[in-house]
J.: 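Dropping a structure here in C-alpha cells format, bear with me for questions.
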Amino acid sequence: MWNGLPTWVTFSPILGMLVLLFIPRQRNRWLKWVGMAGTLPPLILAITMFVLFDPQSRGVQFAQHVSWIHIPIPQSPGWKLSYAMGADGLSLPLVLMTTIIAALAAVGSMYIKERVKSYFLLFLLLETAMLGVFLARDLFLFFLFFEVTLVATYFLVGIWGYMERERAANQFLLYNGLGSALMLLAFGGLLLVFGTLNLDQLLVRTSQLFADPEWMQGPLRQVIWGIFLCILIAFGIKLPAFPFHTWMLRVHVEAPPAVVMIHSGVLLKMGAYGLIRFGVDLFPPLVQQMATFLAVLGLVNILYGAALAFVQRDLKRVLAYSSVSHMGIILFGIAALNFSGLQGAVFQAVSHGFISALMFLIIAVLYERTGTTMIDEMSGLAKAMPVLSGVLLAGGLALLGLPGMSGFVSEFLAFLGMFKQYPVIAGIGALGLILAAAYTLRAVMAATFGPFLDRWERLTDTKAVETVPMLVLLGLIIAIGVYPQMLGEPMQTTLQMIVTRIGG
C-alpha cells in the first residue's frame, strides 16, 4: 500500500503551488504563509517514509514502476523508458534532509518583498524537482528532474539575488548546462550499450559485463570509459570539484540567503549522490582505477577551499570557500572505496547540508538588520544580539567539526576510510581541518566579539520566527553528532551492497 509513497513525497509541493495560484499577488502575507505551509506535506510524508523504512532490507523500498515511453527499433525489442520511483539507504537520508531544509528555507524567505507569488511558485517547483532527483530509479526521469532544478534555481538567483545576480545566474546555467550535456551524453551511451535506463536493470547488466574479462579487450572498453568520464565530470561540476567551483562561489554571494540555504544544503549534494549512485555503483572497476585521482582531487578541494576561506573578509565568501573545502571531504570518502569512507561521504552530505543551511539562515538575519555581511563591519554584535551570536558560534563549532556535532562524525568516518587506503594523502588533508578551525573562529569572533560599534545600539535580537528554525537545525546537528546511528542505520545495508560490488 506504500508503493506510491515516493510519488506522493515528490509531487506534494504542487498542492501548495495550486493554492498559490488562486491568491492575489497583492496579498504578500497570505502568499508567504501558504508558501511555507506548502513545504509541510512533503516533510510529513518524508518522515513517514523514514519511519516505515526497513534498514535490514537489501532491495529498493516503496518501489513504483510504470511503463512510460516505448521507442520501437526494427529487429529488436526497442527501448523502454519507465516511471520508476523508490527509496534505498542512500537516497532516504537525502530526501529527509531536503524536506527539512526546504521547510526551514521557506521560513527564511520571509524577507522576500517583491514578486512573492512567483518566488514561492518557483521555490515549491524546485523542491519537487530535488525530491524527484533523489527518488527516481530511471535515469531519463532523473535527468528530467535534474533539469527542472536548474531552471528553477536560475530564475530564483537571477530575479531575487543581489547586485550581480544576473551574472551569477548565467554562470550557474553555463557550468551546470555543460554538466547536463555531459550527463545526457552518458545516459544516451548507457541506453545504446545496455538497452535500458532503469537503474536496477543497469546494475545487473553492468555487473554481468564487468564479470566477463573479455570486455577490456574490445572497442566497448573505450565507450564504457567515455560514459564513466562524462558522469564523473558532470557530477564533479555539480559537487563542485576543483577547478569547476567558480560558479558556486558567485551563486553563494549573489543569491538570496534562503535560496543559498537550498543551494548549499541540497543542490550541491546532488553531485555527491550522482558520483556514488552512477559512478561508484555502476562502474566499480573503473572507479577503482580512478580512486587515486579522486583522492588527490579531494585533497586539492580541502586545502584550496580552506586556505582561501581564511583570507576572506565577507562572511558569505568564507562559507562559500568552506563549502568547497567540505566537498573535498566527500571526495575523500568516495575515493576510499570502503564502508567507512562511503558512510563518511553520505554523513558529510547530510551534515554539511544542515550546517550550511543554519549558517546562511543566520546570514539572512544579520543582513536584514545590519545591511552588510562584511566581517570587519559587524564587530561587537554579541552585545546587541546575544542569542544570534550564540547560535552563530554554535554553528561555527559545528562547521569546524567539534566532537558531539554532526561535522565531527562525518569527517572522522571519511578520514578513517581514507587513512586505510591513502594514509599520506589523508595526513596532508588533515591540515584542512586545522585551517577550518582557524577561518571559522576568526570570522565568528571578529563579527560578534570585537569592539562594540555605536551604530548597533538599536539592533534587535532574533524573533521567534527566526529563532525556531535555527534551533531546529542546531538540534539536528547535535542529535546526529551525539547519536549518529539514527542516520547511519538506514544507510548501512545499501552501502554494504555498494562496497561488495567494488570488491570491499
Side-chain angles (χ1 to χ4, degrees), residues 5-6 9-10 42-62 85-104 127 130-137 142 199 239 262 264-278 280-281 326-327 329-330 333-334 339-358 398 405-414 417 472-473 475-499:
L5 194 53
V9 173
T10 300
L43 175 60
I44 295 171
L45 290 171
I47 293 173
T48 303
M49 189 161 62
F50 189 83
V51 171
L52 295 174
F53 186 82
D54 180 9
Q56 305 303 321
S57 176
R58 296 180 60 85
V60 178
Q61 300 183 43
F62 317 110
M85 303 283 281
D88 61 7
L90 176 59
S91 60
L92 184 66
L94 296 171
V95 168
L96 185 60
M97 178 196 72
T98 299
T99 57
I100 293 172
I101 292 178
L104 299 178
E127 183 180 10
M130 292 187 300
L131 292 169
V133 163
F134 293 128
L135 291 171
R137 301 292 298 180
F142 172 92
L199 184 57
L239 188 61
I262 292 285
S264 179
V266 181
L267 292 176
L268 300 187
K269 309 313 180 293
M270 288 161 49
Y273 175 79
L275 287 174
I276 298 174
R277 175 72 77 196
F278 306 120
V280 176
D281 207 13
H326 282 82
M327 294 306 99
I329 297 176
I330 292 179
I334 294 173
F339 183 79
S340 297
L342 288 178
Q343 194 175 33
V346 180
F347 261 94
Q348 178 70 357
V350 177
S351 169
H352 183 264
F354 288 140
I355 294 172
S356 62
L358 172 62
M405 293 188 169
S406 60
F408 172 77
V409 178
S410 56
E411 292 171 4
F412 175 79
L413 289 171
V472 169
L473 287 168
L476 289 168
I477 292 166
I478 295 173
I480 295 173
V482 173
Y483 186 64
Q485 190 68 2
M486 64 182 294
L487 182 61
E489 185 178 6
M491 70 175 71
Q492 285 187 11
T493 302
T494 300
L495 294 183
Q496 286 170 353
M497 293 171 62
I498 295 175
V499 171

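Only this structure's heavy atoms are used, side chains among them; waters, hydrogens and symmetry mates stay out. Residues: numbered from 1 along the sequence shown.
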J.: Mind checking whether Asp88 and Arg137 have side chains closer than 4.5 Å, heavy atoms only?
T.: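 With C-beta onward as the side chain, the pair touches.
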J.: Would the distance check show the side chain of Thr99 and the main-chain N or O of Leu43 forming a donor-acceptor pair, the cut-off being under 3.5 Å?
T.: no
J.: Any chance you could measure Ile498, atom CD1, to Phe339, atom CZ, to the nearest 0.5 Å?
T.: 10.0 Å
J.: Decide yes or no for Leu275 and Val280: does some side-chain heavy atom of the first lie under 4.5 Å from some side-chain heavy atom of the second?
T.: no
J.: Within a strict 4.5 Å, meaning less than it, do heavy atoms of the Phe62 and Leu52 side chains meet?
T.: yes
J.: To the nearest 0.5 angstrom, please state how far the CE atom of Met405 sits from the CZ atom of Phe354.
T.: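 The CE atom of Met405 sits 14.5 Å away from the CZ atom of Phe354.
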J.: Please report the shortest heavy-atom distance between Ile276 and Ala345, naming the atom on each side.
T.: CD1-CB, 4.4 Å
J.: Quick check: does any side chain N or O of Gln61 sit under 3.5 Å from a backbone N or O of Asp54, one acting as donor and the other as acceptor?
T.: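 Yes; at least one donor-acceptor contact below 3.5 Å.
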J.: Going by heavy atoms in the side chains, are Leu96 and Met49 under 4.5 Å from each other?
T.: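 Answer no - side chains too far apart.
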J.: Where the side chain of Ser410 meets the backbone of Gly344, is there a donor-acceptor pair that is under 3.5 Å apart?
T.: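 Absent.
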J.: Would you say the side chain of Leu267 lies within less than 4.5 Å of the side chain of Met270, judging by non-hydrogen atoms?
T.: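 Result yes, sub-4.5 Å side-chain heavy-atom pair found.
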J.: Indicate yes or no for a side-chain donor-acceptor contact from Ser91 to the backbone of Ala87 under 3.5 Å, with no hydrogens or angles considered.
T.: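 No; judged by distance alone, with no hydrogens or angles, the pair does not exist.
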J.: Say you draw a straight line from CG of Leu473 to CG of Leu104; how long is it, rounded to the nearest 0.5 Å?
T.: 4.5 Å
J.: State the CE-CG distance between Met85 and Leu135, to the nearest 0.5 angstrom.
T.: 5.0 Å
J.: Do Val350 and Ser406 have side-chain heavy atoms sitting under 4.5 Å apart?
T.: no
J.: With side chains defined as the heavy atoms from C-beta onward, is the minimum distance between Ser264 and His352 less than 4.5 Å?
T.: yes
J.: Please name the pair of heavy atoms, one in Leu92 and one in Phe50, separated by the smallest distance, quoted to 0.1 Å.
T.: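 Reported closest heavy-atom pair: CD2-CD1, 3.7 Å.
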J.: Looking only at heavy atoms, what is the nearest atom pair of Gly353 and Met97, with distance?
T.: CA-SD, 4.1 Å
J.: Tell me the closest heavy-atom pair linking Ile262 and Ala102, and the distance in Å.
T.: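 What the structure gives for the nearest pair is CD1-CA, 3.7 Å.
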J.: Could you go step by step and tell me if Leu239 and Leu268 meet the side-chain contact (heavy atoms from CB on, under 4.5 Å) rule?
T.: CA-CA 5 Å; Leu239 188 61; Leu268 300 187; 5.9 Å; no
J.: side-chain contact (heavy atoms from CB on, under 4.5 Å) between Thr48 and Val51: does it pass, once the steps are laid out?
T.: CA-CA 5 Å; Thr48 303; Val51 171; 5.9 Å; no
J.: Please report the interatomic distance CE(Met497) to CG(Asp281), rounded to the nearest 0.5 Å.
T.: 8.0 Å
J.: For Ala349 and Leu94, which heavy atoms make the closest approach, and how far apart are they?
T.: CB-CD2, 4.2 Å
J.: Using the ring of each side chain (for Trp, its six-membered ring), is Phe142 parallel, tilted or perpendicular to Phe278, with breaks at 30° and 60°?
T.: perpendicular
J.: State, yes or no, whether a side-chain contact exists between Met327 and Lys269 at a heavy-atom distance under 4.5 Å.
T.: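 Heavy-atom side-chain distance check passes, below 4.5 Å.
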J.: Report the C-alpha separation of Val266 and Phe134 in whole Å, then their side-chain angles, then the decisive distance to 0.1 Å, and conclude whether the side-chain contact (heavy atoms from CB on, under 4.5 Å) test is met.
T.: CA-CA 10 Å; Val266 181; Phe134 293 128; 4.0 Å; yes
J.: Could you pull out the closest heavy-atom pair between Ala414 and Ile329, with the gap in Å?
T.: CB-CG2, 3.6 Å
J.: When rounded to the nearest 0.5 angstrom, what is the spacing between OG1 in Thr494 and CG in Leu90?
T.: 7.0 Å
J.: Could I get the full list of side-chain contact (heavy atoms from CB on, under 4.5 Å) partners for Val409, not counting sequence neighbours?
T.: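 By the side-chain contact (heavy atoms from CB on, under 4.5 Å) rule, Val409 matches Phe347, Leu413, Pro484.
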